[in-house]
Amino acid sequence: MSIRTRIAPSPTGDPHVGTAYVALFNYALAKKHGGQFLLRVEDTDRQRSNPASERMIFEALRWLGLQWDEGPDVGGPCGPYRQSERSEIYRHHAEMLIASGNAYPCFCTAERLTHLREEQKAAKATVMGYDGLCRTLSPAEARRRRDAGEAHVIRLAMPETESMTVQDLLRGELRFERPQMDDQVLLKSDGFPTYHLANVVDDHLMGISHVLRAEEWLSSLPKHFQLYRAFGWELPVFCHLPLLRNADRSKISKRKNPVSVMHYRRAGFLPEAMLNFLALMSFSMPNEQEEFSLEEFTRAFEMTGISLGGPVFDLEKLTWLNGRYLRRLTTEQMIDRLQQHLLSPAYLGEVIPLCRERIDTLEAFFDYASFFFVGEVKYDPTALAGLIPKGRTSVEVAGVLQAMLEQAIDPLLEWNAATVETAIKEHVAVCGWAPKELFMTVRFAATGRAATPPLFETLAVLGKEVCRRRLRAAAEALRTQK
RNA sequence: GUCCCCAUCGUCUAGUCGGCCUAGGACACCGCCCUUUCAAGGCGAUAACACGGGUUCGAAUCCCGUUGGGGACGCCA
């Protein structure tokens, strides 16, 4: 039997290092056995899915060298590979489950469910989740209400048995108690499937043999087992990878770590080093070799060699490893790498128009434009003072920067002068400052200087990752200054 | 709160059916060497089997409990 694996990202934000990490293991498993590695876009959340995010995810994965054999852009025999284009398939399968008594329509409103949750929480109920109200409806009654056009979802009817035993390759048999497994929504009222349905249907239809995914999915494993059983399908092998962690051991998050692959690319990490490091998180080579290529990793990879402790994503070690790779490059190779990014004609072509009118000699360019080429900028006492508008406190400024980061910057997927300007101007209203107060603070934070090219163009060229990083660093500098 | 997962140096880990472990490697830190500087590189030092019970001639390795950490409990994935 051929080995087929997949990475199934949801295009709702920046390409995440966790996605890259899981993709790497899936890629290695498939390639090791001469199988296929697929890319499937899970864009069933109509509110949050975004084409810009999808593009960035493709770009990030390609940058890392994790090329897929089948996917939305390269096609394949099991397409379409974008779930939003497979609605009919899910609807059909949901109906099959209703017909076999394994699913039922649920007419409960969002309000009722919210209430239910609140009551359960207030009562400190040991059993959370859907109470199964609509499961008691007679098929005829349900049919009539559906035909009448009443809004509803389709829920999975979990078996009434006491408990359920499921398999994870690394953990063996796992036993779940029935009360924990409520009747999960399969088809939303907008007709789109939830993860659970789409995932199981697609994995089956696409011939996925091994599902390597993040540990956060472990608790929904019983639902997925039940789905396979209800359809009468053969199970793939499930293998849950430990979650990447922040230094405090919580699940890795952008509040505490740069999590966008784009950040690492811009910061000058080499894709080979990045991959090598990601592999080291939970896997070690048979001979304890620490530096290895994707090919070497692929050859040596065994699922059973995966460690289960949640690894802390240690930037220092990644940086060290990257240095090792960098030093191994020849001068020509390094020139090439630099010209691919910071010194690319494309990037210089954006920077120069902003600077040319403000310099008189070529060499002045390097001094004037230096902040376009470094990572974090230094906040000397002047810059630090400049960050704080008259009459404001450093604590207040740090708070405003932090809030702007989360509310205005993070959600921005399209990053250009116009979108940045809109976002920041909107935040002026939110924070209640005068426009020029916020603009100057942002200017100092993003560049370390009082004099720069026009703010929004500058931020646009710097890119989201760099802006994020510097704004956060500025907030941090303000908090720690005496 | 309920359920599930996890548990070796600060961090990533080796330890694969108990003895070869006075627990090995790597990052970070510290020291020394090299060196006009800074790196890099070399050498060395500090540093861990969470705790308590079993099983056994013998446990980091097996079992149970405790503690700790994490995740899940959405018409998000």
Side-chain angles (χ1 to χ4, degrees), chain A residues 8-13 16 18-19 41-49 83 106-110 112-114 116-117 120-130 151-155 163-164 166 168 170-172 174-182 184-199 213-223 240-252 277-291 302 304-321 323-324 326-328:
Chain A
S10 182
T12 53
H16 200 278
T19 303
V41 176
E42 308 227 332
D43 56 348
T44 55
D45 184 334
R46 290 200 293 177
Q47 270 74 48
R48 296 199 300 158
S49 291
Q83 291 185 330
C106 168
F107 302 90
C108 292
T109 60
R112 174 169 127 73
L113 296 177
T114 308
L116 184 65
R117 255 192 300 278
Q120 288 170 339
K121 209 160 197 173
K124 291 197 163 45
T126 57
V127 180
M128 304 285 282
Y130 187 59
H152 64 280
V153 302
I154 306 298
R155 282 184 188 273
S163 65
M164 195 166 173
V166 297
D168 173 88
L170 298 174
R171 287 158 257 255
L174 308 177
R175 203 182 138 89
F176 288 81
E177 298 307 313
R178 155 70 213 183
Q180 271 315 112
M181 307 180 286
D182 68 330
Q184 182 62 45
V185 171
L186 299 177
L187 212 59
K188 308 181 230 178
S189 56
D190 65 3
F192 275 71
T194 59
Y195 171 85
H196 306 283
L197 209 221
N199 186 264
R213 63 191 349 176
E215 190 176 1
E216 54 191 328
W217 294 111
L218 208 50
S219 53
S220 40
L221 198 48
K223 293 163 186 167
H240 292 83
L241 270 21
L243 254 20
L244 260 23
R245 311 290 187 89
N246 295 312
D248 64 5
R249 297 212 166 270
S250 54
K251 176 164 92 167
I252 195 166
F277 176 71
L278 253 15
L280 249 19
M281 302 274 89
S282 84
F283 185 79
S284 65
M285 291 294 238
N287 59 357
E288 290 199 63
Q289 181 184 348
E290 291 226 283
E291 296 173 45
E302 291 292 346
T304 50
I306 295 170
S307 303
L308 294 178
V312 172
F313 190 90
D314 183 1
L315 264 176
E316 292 209 71
K317 187 152 183 177
L318 167 60
T319 304
W320 164 78
L321 192 59
R324 300 274 303 177
L326 207 59
R327 271 167 237 127
R328 229 176 281 141

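Numbered from 1 within each chain, the chains take letters A, B, ... in sequence-line order.
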Pick the [atom1] atom in [N] and in [M], then give their distance to the nearest Å.
N: B:C6; M: B:G42; atom1: C1'; value: 39 Å
N: B:U66; M: B:A28; atom1: C1'; value: 33 Å
N: B:G25; M: B:C43; atom1: C1'; value: 16 Å
N: B:C29; M: B:A14; atom1: C1'; value: 22 Å
N: B:C33; M: B:A40; atom1: C1'; value: 14 Å
N: B:C62; M: B:C17; atom1: P; value: 9 Å
N: B:G24; M: B:A60; atom1: P; value: 14 Å
N: B:U61; M: B:G19; atom1: C1'; value: 11 Å

Interatomic distance, [X] [atom1] vs [N] [atom2] [rounded to whole Å]:
X: A:Gln289; N: B:U13; atom1: CD; atom2: C1'; value: 15 Å
X: A:Phe277; N: B:C12; atom1: CZ; atom2: C1'; value: 8 Å
X: A:Phe176; N: B:C4; atom1: CZ; atom2: P; value: 8 Å
X: A:Asn287; N: B:A26; atom1: CG; atom2: P; value: 14 Å
X: A:Arg328; N: B:G41; atom1: CZ; atom2: P; value: 10 Å
X: A:Asp168; N: B:C3; atom1: CG; atom2: P; value: 20 Å
X: A:Phe313; N: B:U13; atom1: CZ; atom2: P; value: 13 Å
X: A:Met281; N: B:C27; atom1: CE; atom2: P; value: 14 Å

How many angstroms lie between [atom1] in [X] and [atom2] in [Y], if you round to the nearest 0.5 Å?
X: A:Thr194; Y: A:Asp45; atom1: OG1; atom2: CG; result: 11.0 Å
X: A:Lys223; Y: A:Asn199; atom1: NZ; atom2: CG; result: 12.5 Å
X: A:Ser250; Y: A:Leu243; atom1: OG; atom2: CG; result: 10.0 Å
X: A:Glu215; Y: A:Asp168; atom1: CD; atom2: CG; result: 8.5 Å

Next on the checklist: Quick check for you: among B:C6, B:C3, B:C12, whose closest atom lies nearest to any side-chain atom of A:Leu308?
Outcome noted: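 Between B:C6, B:C3, B:C12, the one nearest the side chain of A:Leu308 would be B:C6.
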Checklist entry - What nucleotide, of B:A26, B:C4, B:C12, holds the atom closest to the side chain of A:Glu290? => result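 Side chain of A:Glu290 sits closest to B:A26.
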Checking base pairs now: Watson-Crick or wobble, both atom distances under 3.5 Å. What partners [N]?
N: B:G31; answer: B:C43
N: B:U67; answer: B:A7
N: B:A23; answer: none
N: B:C62; answer: B:G54
N: B:C73; answer: B:G1

Might you point out which heavy atoms bring [X] and [Y] nearest each other, and give the distance in Å?
X: A:Glu177; Y: A:Arg175; value: OE2-NE, 3.6 Å
X: A:Leu170; Y: A:Leu308; value: CD1-CD2, 3.7 Å
X: A:Glu42; Y: A:Pro11; value: O-CD, 3.5 Å
X: A:Leu218; Y: A:Phe176; value: O-CZ, 3.7 Å

Checklist entry - For the side chain of A:Lys317 and the base of B:A28, is some donor closer than 3.5 Å to an acceptor across the two? => result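 Check fails, no donor-acceptor contact within cut-off.
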Next on the checklist: What does the B/S/- profile of nucleotides 69-77 of chain B look like, 5' to 3', with a 4.0 Å heavy-atom cutoff to protein?
Outcome noted: SSSSBSBBB
Checklist entry - Can you give one letter per nucleotide of nucleotides 29-35 of chain B, going 5' to 3': B for a protein heavy atom under 4.0 Å from the base, S for sugar-phosphate only, - for none? => result -------
Next on the checklist: Listing request: all salt bridge (charged side-chain N to carboxylate O under 4.0 Å, His left out) pairs with a residue in residues 187-199 of chain A, at least two apart in sequence or in separate chains.
Outcome noted: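 Pairs touching residues 187-199 of chain A that pass the test: A:Arg46-A:Asp190.
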Item to check | 5' precedence on RNA chain B between A:Arg327 and A:Ile306 (nearest-nucleotide basis) | outcome: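 By nearest-heavy-atom nucleotide position, the 5'-most residue is A:Ile306.
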Checklist entry - When the nearest nucleotide of RNA chain B is assigned to A:Ala247 and to A:Arg175 on a heavy-atom basis, which residue is associated with the more 5' position? => result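 Whichever sits nearer the 5' end wins; that is A:Arg175.
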Checklist entry - Parallel, tilted or perpendicular: which describes the rings of A:Tyr195 and A:Trp217, with under 30° parallel and over 60° perpendicular? => result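 Rings of A:Tyr195 and A:Trp217: parallel, as their planes differ by under 30°.
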Next on the checklist: Between the side chains of A:Lys317 and A:Glu290, is the shortest nitrogen-to-carboxylate-oxygen separation below 4.0 Å, so that they form an ion pair?
Outcome noted: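 Looking at A:Glu290 and A:Lys317, the cut-off is met.
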Checklist entry - What nucleic acid atoms does A:Thr304 come within less than 4.0 Å of, heavy atoms only: base, sugar-phosphate, or nothing? => result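 Here A:Thr304 touches no strand at all.
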Item to check | Check: A:Arg155 and A:Val185 side chains under 4.5 Å, non-hydrogen atoms | outcome: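 The answer is yes, as the side chains (C-beta and beyond) meet within the 4.5 Å cut-off.
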Checklist entry - Looking at A:Arg324, does any N or O in its side chain come under 4.0 Å of the phosphate oxygens OP1/OP2 on B:A26? => result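 Answer no for this pair, as no side-chain N or O of A:Arg324 is under 4.0 Å from OP1 or OP2.
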